[in-house]
Amino acid sequence: VLLIGAVCSNQAHAAPDVTRQLSLAGALEMALSHNPTIRAADARVAEARANLRLSRSLQNPALSLAHGFGSNTGGLDEDILLTQTFEVGAKRSSAVNRARRELQAAEYDKNGGSADLNRSVKTAYYEALRSENDYELSRDALEVVKKFSDAAKNQFEAGDAARSNVLRAEVEQRYPE
């Protein structure tokens, strides 16, 4: 009777079960959307794309407004000066190639980080499933041991079994493997 009262009082004070099922796809999507490393990799890819666009474009012209200094001073006597820089040789193409390689590197880093995160999430998900199944198996095994213990007690009370069978069943019930 004390055992039943203790079990009932523990169940009355137990926290409500607030678990929810999470699919593997949901766990992967949640991890990818909330992981700061993946967010940072996305930002690096966006930055590399912007740098590639910038390297493909021409530089903007520069407008200078200043008061002239004397006359015939080699470009310093104008009040308004508009200049445009043109890259000659392979300067521009090498800048585009460098920006393209930086974009590829950023995308490889992002893909590698995503693959690592996917592996970690899958490992954790399947470990949680395995733990849940282990718990269910242990609970079922305990129920079977309790039934055997009750059967041994009934046989002992009927005079069909020795006291050692009852003790063995109680030990199995206390220390299940």
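Computation of the quantities below employed the complete heavy-atom set of this structure, encompassing side-chain atoms and omitting hydrogens, waters and symmetry-equivalent molecules. Here the structure is a predicted model, which means the values were calculated and not measured.
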Nearest-0.5 Å distance, [atom1] of residue [X] to [atom2] of residue [Y]:
| X | Y | atom1 | atom2 | value |
| --- | --- | --- | --- | --- |
| Met30 | Ser23 | CE | OG | 9.0 Å |
| Asp116 | Asn111 | CG | CG | 11.0 Å |
| His34 | Leu117 | NE2 | CG | 12.0 Å |
| Lys91 | Ser55 | NZ | OG | 13.5 Å |
| Leu22 | Glu29 | CG | CD | 10.0 Å |

Can you see which heavy atom on Ala48 is nearest to which on Ala106, and at what distance?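 That closest heavy-atom pairing would be CB-CB, 4.3 Å.
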Flag, side chain of Arg39 to backbone of Ser33, donor-acceptor distance under 3.5 Å: yes
State yes or no: do Leu129 and Leu28 share one hydrophobic cluster built from I, L, V, M, F, W and Y residues joined by side-chain heavy-atom distances below 4.5 Å, directly or via other members?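 Looking at the clustering, Leu28 is in the same group as Leu129.
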Hey, quick one: are Tyr125 and Ile38 part of the same hydrophobic cluster, counting side-chain heavy atoms closer than 4.5 Å, chains of contacts allowed?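 Yes, one cluster joins them.
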Presence of salt bridge, [Y] and [X], under 4.0 angstrom:
| X | Y | result |
| --- | --- | --- |
| Arg44 | Glu107 | no |
| Arg130 | Asp134 | yes |
| Glu143 | Lys147 | no |

Would you check if [X] and [Y] make a side-chain contact, meaning some heavy-atom pair closer than 4.5 Å?
| X | Y | value |
| --- | --- | --- |
| Asp140 | Val144 | no |
| Leu32 | Val121 | no |
| Val96 | Ser93 | no |

Leu52 and side-chain contact (heavy atoms from CB on, under 4.5 Å): which partner among Glu47, Arg101, Arg100, Glu102? Arg100
